[in-house]
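These notes are about the structure you will find just below.
This structure is a prediction, so every number in the text was calculated from the model and none was measured. Just so it is clear, the values below take in all heavy atoms, side chains as well, and ignore hydrogens, waters and symmetry mates.
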Amino acid sequence: MQRAVSMVAHLGLRLQALPSALGRPLSCAQDVLRRTPLYDFHLAHGGKMVAYAGWSLPVQYRDSHVASHLHTRRHCSLFDVSHMLQGTLSLFTNEAGGILDDLIVTSTSEGYLYVVSNAGCWDKDLALMQGKVRELQNMGSDVSLEVVDNGLLALQGPTAAQVLQAGVADDLRKLPFMTSAVMEVFGVSGCRVTRCGYTGEDGVEISVPAAGAVHLATALLENPEVKLAGLAARDSLRLEAGLCLYGSDIDEHTTPVEGSLSWTLGKRRRTAMDFPGASVILPQLKGKVQRRRVGLMCEGAPMRAHSPILNMEGTMIGTVTSGCPSPCLKKNVAMGYVPCEYSRPGTPLLVEVRRKQQMAVVSKMPFVTTNYYTLK
């Protein structure tokens with residue numbers, strides 16, 4: 001944030017938020033949950049609603065989780081991600097080097113930063129940014145913060161751009177991965193389209209005025225390539241792509257280096273050491289780190305969060321943070337943390353599942369090749 005302020009006379013921060021776990025079934029307390037602009041739309045299309053980081057969101061629709069997952073890989077699917085926003089991955093860190101949140105930040109042509117926050121971190125992120133805004137204003141900087149209440153639709157899959165192109169005048173071939181533009185989409189003006197997503201596939205996230213969200217979702221679904229998908233498919237897709245889930249794979253006790261996210265630290269930041277936790281994180285970049293996030297593959301029962309990871313002598317050395325059967329690979333995939341000496345791909349390990357030990361191997365991530373759109 002400070003770097004951007006130094007580059008422009010006025011900095012506007014626009015914030016939207018996104019939930020952070022697979023969710024739980026709704027109960028009688030469902031009326032206290034926040035609803036996206038597409039809540040009634042989900043119910044009308046058979047969405048099974050769950051509580052997810054304070055929101056009511058569909059975990060799946062009439063199709064099975066696996067069917068939705070594979071349709072996304074082969075065609076494209078529409079996800080309601082109105083609980084979050086969109087640009088480049090960045091991190092909020094604390095003084096101990098831990099990750100407070102992983103956010104998507106877009107530096108827009110209109111002169112403001114567009115920030116996507118995890119909904120589970122919404123309160124602390126907003127408080128942190130509001131505090132920084134007040135600090136900068138007291139120093140004489142012209143800075144403000146605006147919370148955006150738009151809907152956010154993610155159209156993900158190899159045919160996503162083809163589907164969307166029919167509804168926009170802009171040439172999407174000129175919109176590569178992690179770039180953004182404001183445009184009219186299927187008759188809805190004021191939409192911000194960002195070439196990004198959380199599946200490993202080509203696709204876009206469309207920030208749409210709340211009043212136009214249902215119209216846009218309906219227009220997209222008129223194309224037979226498009227099906228609705230929920231939180232369950234989104235979780236298995238991101239795991240195949242090797243992408244972290246905040247609160248599971250990274251948290252306030254995980255540093256960027258431990259989480260294999262060192263690439264988020266720019267050269268200027270490393271040189272200036274002007275971010276919280278720099279005195280902890282920078283020495284780790286030189287190899288002084290005790291553990292690392294790794295990918296794991298195994299046969300047999302699927303690995304799940306909190307499954308113990310053991311070395312071949314049977315000593316516990318780490319813990320699984322996310323895991324599921326991979327619909328594409330027909331194998332079990334997972335992420336977890338192990339000491340550095342066990343982090344090399346190909347290293348044989350054991351995992352304990354249902355009180356039984358089974359063989360696993362450290363594997364490179366992503367497990368499934370990503371297909372982000374970049375200009376040649």
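- Aromatic ring pairs are classed by plane angle as parallel below 30°, tilted from 30° to 60° and perpendicular above 60°; the pair Y61 and H42 is tilted.
- Side chains of L231 and D235 form no contact here, defined as non-hydrogen atoms less than 4.5 Å apart.
- Between Y112 and Y114, the angle of the ring planes goes over 60°, which puts this pair in the perpendicular group of the 30/60° scheme.
- Residues V289 and I281 fall within the same hydrophobic cluster, defined by Ile, Leu, Val, Met, Phe, Trp and Tyr side chains chained together at heavy-atom separations under 4.5 Å.
- Judged by distance alone, with hydrogens and angles left aside, the side-chain atoms of S107 form no donor-acceptor pair with the main-chain N or O of V105 at under 3.5 Å.
- Nearest approach of P158 to E201, heavy atoms of both residues: CD-OE1, 3.8 Å.
- Checking E313 against T315 by side-chain atom types alone, no donor-acceptor pair falls below 3.5 Å.
- Checking H306 against T319 by side-chain atom types alone, no donor-acceptor pair falls below 3.5 Å.
- The backbone N or O of S68 sits less than 3.5 Å from a side-chain atom of T72, completing a donor-acceptor pair.
- If you take OG on S90 and CZ on R269, they are separated by 7.5 Å, rounding to the nearest 0.5 Å.
- Put simply, the side chain of V204 does not reach to within 4.5 Å of the side chain of Q156, judged on heavy atoms.
- With rounding to the nearest 0.5 Å, the separation of CZ in R134 from CG in L136 is 11.0 Å.
- The other members of the hydrophobic cluster of V66, by chain and number, are L70 (side-chain heavy atoms under 4.5 Å, ILVMFWY only).
- No more than 12 heavy atoms of other residues, nucleotides or ligands lie within 6.0 Å of NZ in K331, so this atom counts as exposed by the packing criterion.
- Contact check for P276 versus N94: no side-chain heavy atoms found under the 4.5 Å cut-off.
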With side chain to side chain donor-acceptor pair (under 3.5 Å) as the criterion, how do D202 and Y372 come out once you've worked through the C-alpha distance, each side chain's angles and the decisive distance to 0.1 Å? CA-CA 5 Å; D202 183 24; Y372 304 126; over 6 Å; no
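- The pair E258-R293 fails the salt-bridge criterion, with no side-chain N (NZ, NE, NH1 or NH2) lying under 4.0 Å from an Asp/Glu carboxylate O.
- Ion pairing between R35 and D40 fails under the 4.0 Å rule for side-chain N and carboxylate O.
- For the pair L78 and L153, the minimum side-chain heavy-atom distance is below 4.5 Å.
- Hydrophobic clustering (side-chain heavy atoms under 4.5 Å, transitive across Ile, Leu, Val, Met, Phe, Trp, Tyr) keeps M312 apart from M297.
- Between L285 and L265 there is a side-chain heavy-atom pair separated by less than 4.5 Å.
- A side-chain donor-acceptor contact under 3.5 Å links Q358 to the backbone of E299.
- T321 places a side-chain N or O within 3.5 Å of a backbone atom of M335 that can act as its donor or acceptor partner.
- V294 and M359 are members of different hydrophobic clusters when ILVMFWY side chains are connected at heavy-atom separations under 4.5 Å.
- Using a 4.0 Å cut-off between charged nitrogen and carboxylate oxygen, R291 and E341 do not count as a salt-bridge pair.
- Without hydrogens or angle criteria, Q165 side chain to D170 main chain gives a donor-acceptor distance under 3.5 Å.
- Shortest non-hydrogen contact noted between P209 and N150 is CA-OD1, 3.8 Å.
- The two atoms that bring K364 and P345 nearest to each other are CG-CG, 3.8 Å, heavy atoms only.
- The number of heavy atoms from other shown groups lying within 6.0 Å of CD (Q290) does not exceed 12.
- The shortest heavy-atom contact between G314 and L310 is O-CD2, 3.0 Å.
- With rounding to the nearest 0.5 angstrom, the CD atom of E95 is 10.5 Å from the CZ atom of F275.
- Listed for the Y373 side chain is a donor-acceptor partner under 3.5 Å among the backbone atoms of R173.
- One side chain, D101 or N118, offers a donor N or O that lies under 3.5 Å from an acceptor on the other.
- The minimum heavy-atom distance linking V185 with C191 is given by the pair CG2-CB, 3.7 Å.
- Distance NZ/K48 to CG/L57: 14.5 Å, rounded to 0.5 Å.
- With hydrogens and angles disregarded, a donor-acceptor distance shorter than 3.5 Å links the side chain of T36 to the backbone of L38.
- Side-chain contact check for F177 versus N371: every heavy-atom pair is 4.5 Å or farther apart.
- R192 places no side-chain N or O within donor-acceptor distance of the main-chain N or O of S207, the cut-off being under 3.5 Å.
- Once rounded to the nearest 0.5 Å, the distance linking CG of L128 with NZ of K132 reads 8.0 Å.
- A cation-pi contact, defined as under 6.0 Å to the ring centre and within 45° of the axis, is absent between R292 and Y337.
- Taking each heavy atom of L100 and C121 in turn, the nearest pair found is O-SG, 3.7 Å.
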What side-chain donor-acceptor pairs closer than 3.5 Å can you find for residues 220-229, not counting sequence neighbours?
{"from": "N223", "atom 1": "OD1", "to": "E225", "atom 2": "N", "distance (Å)": "2.9"}
{"from": "E225", "atom 1": "OE1", "to": "H75", "atom 2": "ND1", "distance (Å)": "3.1"}
{"from": "E225", "atom 1": "OE1", "to": "T159", "atom 2": "OG1", "distance (Å)": "2.9"}

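- At least one side-chain heavy atom of F92 sits under 4.5 Å from a side-chain heavy atom of M129.
- Rounded to the nearest 0.5 Å, atoms CD1 (I250) and CG (D102) are 4.0 Å apart.
- Not a single donor-acceptor pair under 3.5 Å links the side chain of S180 to the backbone N or O of T194.
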Intermediate values then yes/no, side chain to side chain donor-acceptor pair (under 3.5 Å), S77 and H71: CA-CA 7 Å; S77 297; H71 185 85; 4.8 Å; no
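- You'll find the side chain of F367 stays beyond 4.5 Å of the side chain of S326, heavy atoms only.
- No donor-acceptor pair closer than 3.5 Å links the side chain of R304 to the backbone N or O of A334.
- Between E240 and R73 there is a salt bridge, with a side-chain nitrogen of the basic residue lying less than 4.0 Å from a carboxylate oxygen of the acidic one.
- Few gaps surround CZ on R270; more than 12 heavy atoms of other groups in view lie less than 6.0 Å from it.
- Between the side chains of D249 and S322, at least one donor-acceptor pair of N or O atoms lies under 3.5 Å.
- The closest side-chain donor-acceptor pair between S189 and E184, if any, does not fall under 3.5 angstrom.
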